[in-house]
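Taking it in order: structure first as structure tokens, then the write-up.
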Amino acid sequence: MARFIVIRLLQCVVAFFGILLITFFLLRASGDPSTLLASPNFSLEQVQALKAELGLDKSWGEQLGIYLNSIVHGDFGESLLKKKAVGIMIGDALPNTLKLMVPSFVLAMILSFILGVLAATYRDSWWDNLVKFIAVLGQALPGFWVAIMAVLIFSVKLEWLPVAGMDTPAHYILPMGTLVFFTLPGMMRLVRSTMLDVLDSEYIKMARIKGLPERTVIWKHALRNALISPLTIIGMLLPGTVLGAVITEQIFNWPGMGRLLVEATFARDFPVVQAVTIITAILVLGINLLVDISYAWVDPQIRYQRT
Amino acid sequence: MKKWFLVPLFVLLATVIIFTGCQQEAQTVTQTQTQTQTQTQTETTIPEPWGTLTDVAATFGYDNFDPNLVSSWSGLMFQNLMRTTAAGDFEGDVLQSWDLSADGLTWTFHLIPNNFFTNGDPVDAAAVKYSIERFADSARSAWSPYLREDYNRVAVNVVDSLTVEYVTAHAEPTLVASFSATAIVNKADIDRVGEEAYFANPSGSGPWKLVGYSTGISVKFEANTAYCRANEVPHFQFYQQYLVPELATRISMFKTGQCDILGLDDYARMKALQDEGYPVEQYGINGTDSFAFQKSWMEEAGPVHDINIRKAMSYSLNRQEICDTWYSGYAIPGGQFFFPHGVFGWTDEIVADAYDPALAEQLIAEAGYPDAFANPIITVYCQASDQDRILYYMSYWQAVGLQVELKVMETATYWSYLGFGPPPEDNIGWIWFWKSWSYACSAYHCANMYTTNGVHKVTNDETANALYAAVTTQLTYEAAREKMAEFQVYVKGLYTNIGVVEYQNYFLYNPATVGGFDGRHTGYAETIQGATHA
Amino acid sequence: MSNIVLQVEDLHTSFFTRAGEVKAVDGVSFYVREGETFGIVGESGCGKSVTGLSILRLLPEPAGQVVGGKIIMEGKSLLELNPKQMRAYRGKMISMILQDPMSSLNPVYTIGDQIGESVRLHQDLPENMVEAEVIDALRLLRIPSPEMRAREYPFQLSGGMRQRAVGAIAMSCRPRLLIADEPTTALDATIQAQYIALFEDIQEKTNVAIIFITHDFGVVARICDRVGVMYAGKIVETASTRDIFKNPKHPYTKALIQSVPQLDKKDERLFSIEGQPPSLLRLPKGCRFYPRCTVSMDICKEQEPPEVKIGENRSVSCWRVK
Amino acid sequence: MLNTITTTAKTKKKKQYRGISRATRVMRNLALWIPTVVMAFMIVLAIFSPWIAPHDPTVGKITDRYLPPAFMEGGKTDYLLGTDQLGRDILSRLIYGARISLSVSLLAIAITASIGTVLGIIAGYGGGRTDAIVMRVVDVALSFPGLLLAMLLAVAIGPGFWTVVFALSLLGWAGYARMIRGEAMRLSQSDFVAQARVNGASGWRIMTRHIFPNIINSLIVLMTLQVGMMILAEAALSYLGIGISVPTPSWGSMVSDGRANLDNAWWISAFPGAAIGLVVLSGNFLGDWIRDKLDPRLRQL
Amino acid sequence: MAKVILEARDVVKHYPVTKGLLQRTVGWVRAVDGVSFSVEQGKTLSIVGESGAGKTTVARQILLLEKLTSGSILFEGTDLYKMSPAQVKDDYRPKVHYVQQNPWSSMNPRMRIRDVVGEPIFVNTKQTKKTVYTEVGKLLDQVGIDTDGMTRYPHEFSGGQRQRIAVARALALNPTLLILDEPVSALDVSIRAQIMNLFKDLQSKFDLSYIVIAHNLATVRYMSHSVAIMYLGQLVEYGDSEALFERPLHPYTRALISASQLTLPEDSEGKAQQIILTGEMPSPLNPPSGCRFHTRCTEASDKCSKDVPEMRKVGKQMVKCHHYD
């Protein structure tokens, strides 16, 4: 187990630096932020001065060195655009994103497991068809469109929920619903099909032979085994959820990392984009690691073999 | 290892996160201001401000509270040296009056007495001198070229606590425009806490003071009841603006009453909402919608090197139809760049070109288009947000036989191509659209546009240079204004910059909370300032 | 003669597939007594496993359905029980061992968990007693160091031990009837021998009735008291094991026994049955074995042979047997 | 007595079951034919759009802007599905949009699938170090927030058709590689590959003749299911302003364009939205059907 | 004496067992541990053992699908593992073929039968498709498959037919040696006899040599000329088939034979009681000291647990047991 975790950690570190480098160079290839910051009336000299001030006149290699050095010291630099410490900006935005994403993700997982399992259990029933329909619908509609429709229906038309903001629990309903809508269908489908495979297995037959009630067969014997392959997918879903978060934050005016990222990318606010990427990468990699470790919890074979 | 307890634990965790999140205040700036500004307000008859006016914005001007860096909102918190009037003239803001010496070299500013910053410091000559010099510092100001020492300034002198003298090397009456952009910051406070702390929590002398700000989320101002113009103290106690990037969300917020003010770029939507019963309020001076030709004087520019083609592009536009359709009637045909009605140097001689497709076709034929050109395709560049409008304009050009193609650029690239810095590619002959909410004084923008030294590289014309030099060397403001008009008429004739329309600026407001706007309408901030209760 | 534990009469089980109705079990009758082992022998796809699942009513619904016949266990008709009553029978009264020991154990629970679950379900016992019962079940199957094994996961056991663990689950509530579906097929020869000896021992101790489903005549010879030979959904011959081996009546039984290579006989050529078993979707009109039969007559082609009883314990379905 | 009971049970059950089965059969047939027809229809639209579309999709008549569909009050028969903010015909844009949206998604799928398949087979068959290296790269790609990459790309090389295709490809290849590698690994340990090696077949022959043909099923299923995903991803990119740029209409950008007008001119985004939905649904159903037909083991894709 | 086709000398296969972060090798799985045997032209050698005994590893080593840890395998006198790749391709591959246990997995489901059977010809020779297909037709004819089936896919055939096709493929290049890995154990009882007869017929027709890997002694007796019994990576008994079955020497062989006998319990009264071994085969990671079988042997003495027995010739057999010292 320790070996496994160490190897995964090493892989994460490699992946992390890969991501860091790709971002660093792509960003610099994407253009020069000094042109954005400069007023249209600046002279060429002024622009050069600004560049020098921002450290953008150095070669990419030098810039990378400086950057890596400051990262090691925990310093994400200062936003070019907002003249504010990136650490503080991330500190403001990250909790907001987590507040939205964590419960949505957990909710989506729980719902997808419950719905997926029920659909598999009552295969071909109206319930199964309903679940399949929701899954297919969820995969067929553009997410932002659904979000805006939700606003128009629940906020504008019915006036049940606030449109945007994050002040009260009611503000969480629509964005969370949207995020759940992003993740739920795919997950639900997967749980359903894994569950179907598991239900076909011999040990489920054996559990029934024991005379166990269906409830126990499903929720004790089948589900635990059906958890394994959706767990792998959770890791793969995460980067996709980032997209969901960006769109959700944009529409529901949620001041999180997604919005920060979009704004900063278009403004070529290098330090901010890099910091957001780093944080996202750490989150994604970290959660992937957790997922890997949680296999061990679900599947004793892995737990024991890797000891 | 007991396992199932993890699931409820997870749920619990999620719930805790949600609720702690909800309880946390969205504000990050906590204002602990000393309330010392009561002495001037003894004889006031104005009712205490109350209530909150909520506004939404697509982009924020509040990333930084240094008025020299971000000028669009500075009128909320800071007074300027001078300010514009609705007619396009200038009056004092922190000034009671000013004099210009007969030789046109010395400006004497007389400050309003008993004017205080919101922290109680007086608005005195030292603060004004510091603010002017700070504004002139190129490192600190976006607009500093106008006041920079090497341009024209000789000295800024403090005469007494309420008088400041500004001396120039040669006469430049158009400096009033710069003065009107010079925000007065609190030098004493900066000396006390340092620039960084000051601009995180600034004290100005404007009608509002900052009470809360969270980066990229919202900003909140409270009415400054000690504002030096008692009759201009806001009726609302708070003015809060949220950053909402998504238009659909902004409209929804407005319709559900989550915000009281809604500004829109989309005039059709505005018209529709107006028809639904939401009133609109016009503010400020008209904006201009125009397009420019980069380096059109160069041979390689292709078709647009030929003035006939450029003229044809103007004559083929049906400006009235554009006003009626795209702008839903909230615009009038316009003829010049940065020259809407009422600005410095406006003259009635500048008339928008009439819609004359026959003339356009004739001009095109005269230019020998398309056969005379190796590459007859005219390329138009724009940002994604403008693409629909440009596409529409292009349809007029296509209708008279011009071959046009559109290239959409991401905003950052667009600006970087547009004049400063070494462009990634040589942008000769390309067409750029400018949609600008214009400044009260267009002189400097014109200089940048039309003179050889200008950064935008549209015109390279000696006569234009000479005419502009004549403007800046007049002794009086009135004379300069006349020269400016002359210059403008001339540069319009160059067709290197073609105006399409002058659009009017409006916002919608919620009649349930806002009764109207009784203040000055010279700009967005000034209009909002006068919002009355319903 | 001891009591009949289970009687199956004219059982018909079909699978309704897109291609049509597959008559997997087409009129099977047999019985099994207390302490007796009844073997069902046949080649793959002849319906022997389906027979076992039909008794437990665990066919893969909705495709597989018992469409006719009676299954009577000690006077109760199992087909008439409601699902809850049926569940009470499963594990407690009737149990089953499946072929593949690896896949019939749930990989994520320990052996002890899986046995204990059955014990808890059917016997109202305090928790410490449950543990004792679990150990007891493991001992019954002669699993060495049962206390330790109970805490292990299936993948930590060898194939033979796994199959014993499955046996322990099946026997944990001391059922009256055990259906063993090819329990030795996946095991090695010497382990197989161990397992069969173990079964005989268990049967002696618990007097359980066993239905032993297999395709292996060697296993049949060792453990079964009586045998039913199944071919294409039907039992073509039922007899005591001795009679089946020494005096097979049905041509299929004869051919099968002849074609099994035996250690003590070394012929130059093995006897072989030509052709393939028929598809259950398209059964021949007459005798199912007719197309492969070397002694067929005209009537075999036209009419299905009736089941003819010869003596008390023996029946054959063949026109040649009168 | 027992007999009568069982026989009634028998007939009842049979009838019931057959009823379900017929209904299911009809459903299954529909589940094949409707998506096939939809897909075929869309492809025809895409190929023949210049001949089918009644109007120029890029040029509108500004005086006819925001017209509702013909069947609504105020609609003109000239514009069956109404017009957008520039007075362009929604129907024509929809027809041309099929061209862009389908070609973007098909191209992206072709690219992702080829890269993923080649790498997957090499890693899965090669094993050892090759496998380790390829899979580490895949891990990095999978944990990279793809959206960020797409945004950076759009910023770096400017938005446009190829940017979108490229960005979508970058988002997708790793998933393919991972899946194909698993399949290839399973296959390279299969008996018939061992047999081929005994026969003296070269690595190239084994990969192309033995492994690849056995992967095609999974590949086709995955590719079919991805048609929809890609179109949706393109829509998401359009929403963020990094999609296909106008005037070329893509369904995604059309939905995105009309989003602010959902409450007063719903038709601008609703029709392209419906088209996306239809194609995604068809892709899914078709993928499901092909999978059931070819290889039910792939249920988890 | 007939010509020796293949000879294995002291063949060993050890797999490393690694542990820890640095993949330290902490032990070796002794899958095959010093196995020697030879196969003569036109004869059958059967290697019998239970799962884990290492018999399949030996087969895979002969087929070059697995590397040798030590020892050598000589094919017609040449050391296989010293052949150049070109030699292997030209001189070895065409002569040795493989029939696997499971006819469902041993054929590429995406290939037509004619390509399945023709693959060895396509790979190893440069003939036109047409001639290859004619050849395939002849081959199918030999194994009793209708040549109409040539264009069909493997899944359209039953298990027995597929095994026949597999045999046809193995015969494609006129090999001298076939490795049959449990060739009938996946088939139904009534089909097994057909296939076993086929093997016998082909052997006499083409003078083929077989190495049969099996766990079922009954099958082996019918087919083989000599038998090698494997236990835990080693040969415990090896020799002439007749002699071995008549007079099994090693206790393990006796147990195996006993377990495979088709006898009714009541008939066995007169003969020796059935031998039922206790325990299971130990892990090849830590094989027992001394005689590897001593943990399960009913006749084991102290010596068996201490000293490793030597292979000894007893009559026509070789046996590795202290009882014959």
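Letters A, B, ... are given to chains in the order of the sequence lines, protein chains preceding strands, and every chain is numbered from 1.
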> Rounded to the nearest 0.5 Å, how far does CZ of C:R120 lie from OG1 of A:T216?
Replying inline: 11.5 Å
> Who among A:M206, A:E202, A:K210 has the most heavy-atom pairs with chain C under 4.5 Å?
Replying inline: A:K210
> Do you know which of C:C173, C:G91, C:S104 has the most heavy-atom pairs under 4.5 Å to chain A?
Replying inline: C:S104
> Which answer fits C:L56, side chain, backbone, both or neither, if we ask what part of it has an atom under 4.5 Å from a heavy atom of chain A?
Replying inline: side chain
>> Ignoring hydrogens, what is the shortest heavy-atom contact between C:L121 and A:P213? Give both atom names and the distance.
In response: CD1-CD, 3.8 Å
>> Does any backbone or side-chain atom of C:L53 lie under 4.5 Å from a heavy atom of chain A? Answer side chain, backbone, both or neither.
In response: side chain
> Quick one: does C:L98's side chain get under 4.5 Å of A:I209's, heavy atoms only?
Replying inline: yes
> Is there side-chain contact between A:S201 and C:N106, with at least one heavy-atom pair below 4.5 Å?
Replying inline: no
> Minimum heavy-atom separation for C:Y109 to A:H221, with atom names?
Replying inline: CE1-CA, 4.2 Å
>> Quick check on C:E131: does its CD atom have over 12 non-hydrogen neighbours (other residues, nucleotides or ligands) under 6.0 Å away?
In response: no
> Can you check whether A:Y203 reaches C:Q114 side chain to side chain, under 4.5 Å on heavy atoms?
Replying inline: no
> Has C:K76 got more than 12 heavy atoms of other residues, nucleotides or ligands less than 6.0 Å from its NZ?
Replying inline: no
> Does CG belonging to C:D124 count more than 12 external heavy atoms closer than 6.0 Å?
Replying inline: no
